[in-house]
Each structure stands twice: as structure tokens, then as C-alpha cells.
Amino acid sequence: MQRRLATAVERSPHIPRPNKKPVLHTSILLNRSPFLTRTPTKFEEAYWAYQGRIRRALHNPFPYDVYFRPGSLIQTRFNVEERAREVHAFGENFVQKREEAGIGGQSIVSESQVAAAETLRSQEGVGEALMSRETDADRTNDLKSLDRLGQRNLFCLLHTTSDGWRFPQGSVLKQELLHHAAQRDLTSECGENMDTWIVSRQPIGHYELPTVEHTDPPHHVFFYKAHIMAGQIRPQTKNITDFAWLTKQEIKPLVSESYWAAIQDMLSDV
């Protein structure tokens with residue numbers, strides 16, 4: 001067989017990237033942890049109520065004589081509260097049938113005992129209405145308040161004239177450790193009016209900034225996790241036009257796709 005010559009294919013010349021030293025940056029995921037326990041779901045409420053009924057049905061008799069002086073007002077109040085717990089677990093009809101049958105022991109109370117126990121409770125401030133789990137910041141949707149969404153993790157996001165929405169970020173100085181740079185950059189952008197704690201000396205993530213020109217040196221951002229315990233952000237530069245405390249789901253539509261792909265696994269879903 002005769003082998004024919006292959007057609008030459010023109011290839012675009014490969015332009016090597018200049019061997020420039022990369023520019024390092026640190027960025028801080030400043031987190032406000034939840035300060036309220038999560039509201040249980042209907043299934044969780046039903047499960048714990050069922051477990052509570054089983055526990056009350058199988059528990060050993062309570063040793064009243066060990067903890068209370070017989071006939072004392074404290075014992076009366078405990079009996080009233082114990083009866084209320086029995087009603088909550090098994091229902092009013094079940095508790096009444098037990099009392100009519102003479103079952104229940106010390107938990108059986110009279111009307112005079114109930115009145116005395118209620119007087120003691122009011123004197124001690126027991127039973128006062130609890131504060132609402134919804135704050136003023138939730139009602140007004142104040143994105144700058146640390147009081148909003150107490151059941152969720154919030155993260156600080158800054159809006160800058162150059163980069164849009166991003167986490168607090170800054171450059172690394174020559175011969176400076178990354179975790180030292182992270183603390184300095186956080187203070188230089190957000191101010192000193194905060195009590196913060198950077199969790200580790202090791203970064204939790206990395207992101208390479210997109211370059212405009214092929215000749216630009218690569219810019220690498222190393223992310224650090226931090227917590228805020230007190231205080232509030234006070235932007236220190238004119239480049240920062242706004243800030244907000246946002247959940248993971250609220251951050252996604254504000255940042256670029258490449259930025260989101262780099263940070264999404266570092267943020268808490270709760």
C-alpha cells in the first residue's frame with residue numbers, strides 16, 4: 001500500500017505565561033455563630049414527646065422525703081408542677097382517672113395548695129413570658145445587625161467599588177506569615193471595634209483571582225475562618241461602600257460564579 005502524506009495543520013503559537021512571582025492575599029470568613037437553638041420540626045417534636053411519655057411511664061418513684069420537708073410550700077409547688085407535666089405527657093383525662101383511683105401519691109394536690117404555689121411562683125417571677133425568638137432586626141430585615149436570624153450562621157460580606165461583594169481581604173507583606181496577615185487585613189478593613197478570633201493558623205480554602213491580561217502575575221487568595229464575639233464592623237477605607245451579615249443562601253446571588261464555586265464548601269448550610 002502506498003502511504004499518502006498527511007495535510008499539515010496550522011497551530012496557534014503557544015504564548016508562555018511570564019514567570020512572575022505570584023501575589024498573595026488573605027481573606028477572612030468572619031462568622032457570627034447561632035445564639036438560639038434551632039426550632040424543632042413537627043417530626044422532632046412528636047419524637048421527643050413520645051420519648052418523654054415513655055420515660056415518665058417507666059421512671060422510678062420520686063424520693064420526696066430526700067428533697068423536700070413534708071408539707072412545705074416548696075413541696076406543694078413541685079407537686080403542682082409535676083401534675084402539669086403529667087397532664088402534658090398523658091392528658092387531663094388520664095391524670096384525673098389516676099387521681100380518682102387514688103394513684104399518684106404526692107402529685108395529688110388541692111385547690112388551696114395550688115393557690116399557695118401560684119403565689120410563690122409570682123413572688124419569684126416564675127412563669128413570666130419569654131422574649132420572642134424574632135428580633136427587631138428580623139422584622140425590619142436589617143442586614144447590618146448581628147441580632148438577625150439567631151438560629152443561623154451569618155458571614156460578613158463587604159461591598160467594594162473595585163471588586164463588588166466579597167469577604168474582608170488584603171495583601172500579604174514581604175516575609176509576613178499568612179495568619180498574621182489575615183488578622184491585620186481584617187482590622188485594616190473592618191476596624192478595631194470588634195472582638196474576633198481567628199480559628200487556625202492554617203487556611204481553610206484557596207482561590208485564584210481571574211486575571212485581565214495574560215501578562216499579569218497570578219493572584220492567590222487564602223481563606224481563614226474567624227468568629228466575632230462582640231462589637232460591630234466599622235469600614236476603614238473609602239473603597240468599602242457597604243457591608244452585610246448574610247447566610248450562605250443570601251451570599252450566592254451577590255458574588256460571581258467563580259468566587260462562589262471557591263467558597264461554597266467553606267460556608268455552613270445551617
Side-chain angles (χ1 to χ4, degrees), residues 22-38 135 137-138 141-173 176-210 218-237 239-270:
V23 181
L24 303 184
H25 305 268
T26 58
S27 184
I28 300 89
L29 276 68
L30 188 58
N31 171 230
R32 191 230 62 192
S33 300
F35 57 84
L36 292 177
T37 55
R38 182 177 57 85
T135 64
D138 294 322
N141 196 28
D142 185 2
L143 300 180
K144 296 183 179 181
S145 175
L146 286 165
D147 295 333
R148 67 184 300 260
L149 300 179
Q151 303 180 49
R152 301 292 304 277
N153 281 281
L154 300 182
F155 298 91
C156 167
L157 212 63
L158 304 180
H159 185 270
T160 63
T161 56
S162 57
D163 303 323
W165 287 100
R166 61 165 174 77
F167 293 120
Q169 180 179 305
S171 301
V172 180
L173 302 179
E176 186 179 26
L177 298 177
L178 286 177
H179 65 280
H180 289 170
Q183 183 64 63
R184 179 182 55 80
D185 294 334
L186 178 62
T187 303
S188 64
E189 287 205 331
C190 299
E192 298 181 351
N193 190 42
M194 296 185 299
D195 184 10
T196 59
W197 169 55
I198 294 182
V199 177
S200 172
R201 295 186 176 186
Q202 307 299 328
I204 62 173
H206 167 263
Y207 171 61
E208 184 173 355
L209 293 172
H219 290 252
H220 297 276
V221 182
F222 295 91
F223 293 95
Y224 280 81
K225 181 72 173 290
H227 291 281
I228 181 171
M229 275 74 73
Q232 180 57 288
I233 294 174
R234 292 182 179 177
Q236 299 297 299
T237 63
N239 184 42
I240 301 174
T241 59
D242 199 3
F243 73 91
W245 291 97
L246 305 173
T247 63
K248 178 178 180 179
Q249 291 74 18
E250 293 171 334
I251 292 175
K252 182 177 180 180
L254 298 179
V255 298
S256 64
E257 293 184 2
S258 60
Y259 195 77
W260 173 252
I263 66 173
Q264 60 178 336
D265 292 334
M266 294 183 269
L267 305 177
S268 174
D269 293 322
V270 179

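Of the options R184, R234, R166, a salt bridge (Lys or Arg N to Asp or Glu O under 4.0 Å) to E189 is made by R166 and by none of the others.
Judged by distance alone, the side chain of N153 and the main-chain N or O of V270 form a donor-acceptor pair under 3.5 Å. A donor-acceptor pair under 3.5 Å links the side-chain atoms of Y224 to the main chain of R201, judged by distance alone. Side-chain atoms of T160 come within 3.5 Å of backbone N or O of G164 as a donor-acceptor pair. In this structure a side-chain-to-backbone donor-acceptor pair under 3.5 Å is missing from S145 to A137. No donor-acceptor pair under 3.5 Å is formed between the side chain of Q264 and the backbone N or O of K252. Between the side chain of D185 and the backbone N or O of Q169 there is no donor-acceptor pair closer than 3.5 Å.
Contact annotation: the side chain of L158 approaches that of C190 to within less than 4.5 Å [non-hydrogen atoms, C-beta and beyond]. Residues Q183 and T196 are in side-chain contact: their nearest non-hydrogen atoms beyond the backbone lie under 4.5 Å apart. At a threshold of 4.5 Å between non-hydrogen side-chain atoms, the residues V199 and I204 do not count as touching. Using a 4.5 Å heavy-atom cutoff, the side chains of F223 and S27 are in contact. With a 4.5 Å cut-off on side-chain heavy atoms, T247 and L154 count as touching. F222 places a side-chain heavy atom less than 4.5 Å from the side chain of H220. You'll find the side chain of I233 reaches within 4.5 Å of the side chain of W245, heavy atoms only. In this structure, D242 and K144 have side chains that are in contact, with non-hydrogen atoms separated by less than 4.5 Å.
For R152 and E250, the salt-bridge test fails: no basic side-chain N is under 4.0 Å from an acidic carboxylate O. A salt bridge between R148 and D142 is absent, with no side-chain N of the basic residue lying under 4.0 Å from a carboxylate O of the acidic one.
To the nearest 0.5 angstrom, S268 atom OG is 11.5 Å from L29 atom CG. To the nearest 0.5 Å, the span separating CG on N193 from OG1 on T187 amounts to 11.5 Å. Atom-to-atom distance recorded for E208:CD and H25:NE2 is 10.5 Å, nearest 0.5 angstrom. Here the straight-line distance linking atom CD1 of I198 with atom CG of L30 works out to 9.0 Å at 0.5 Å rounding. Between I263 atom CD1 and D265 atom CG the span is 10.0 Å, to the nearest 0.5 Å. Atom CG of L173 and atom CG of L24 lie 11.0 Å apart (nearest 0.5 Å).
When all heavy atoms are compared, the tightest approach of T237 to S188 is CG2-O, 4.1 Å. For the residue pair G231 and L146, the shortest heavy atom distance occurs at O-CD1, 3.2 Å. Residues I28 and A182 share a closest heavy-atom pair of CD1-O, 3.3 Å. Closest non-hydrogen pair, V172 versus A181, comes out as CG2-CB, 4.0 Å. D138 and L149 get closest at one heavy-atom pair: OD1-N, 2.7 Å. The shortest heavy-atom contact between I228 and A230 is CG1-O, 3.5 Å.
The number of heavy atoms from other shown groups lying within 6.0 Å of CD (E257) does not exceed 12. Open room surrounds CD on E192; 12 or fewer heavy atoms of other groups in view lie less than 6.0 Å from it.
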*Show your working on side chain to side chain contact (heavy atoms under 4.5 Å, CB included) between V255 and F167 and close with a plain yes or no.*
CA-CA 10 Å; V255 298; F167 293 120; over 6 Å; no
*Test side chain to side chain contact (heavy atoms under 4.5 Å, CB included) applied to L254 and Y259, step by step*: CA-CA 10 Å; L254 298 179; Y259 195 77; over 6 Å; no
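For the pair K248 and F155, the cation does not sit on the ring face, since its NZ or CZ is not both under 6.0 Å from the ring centre and inside 45° of the axis.
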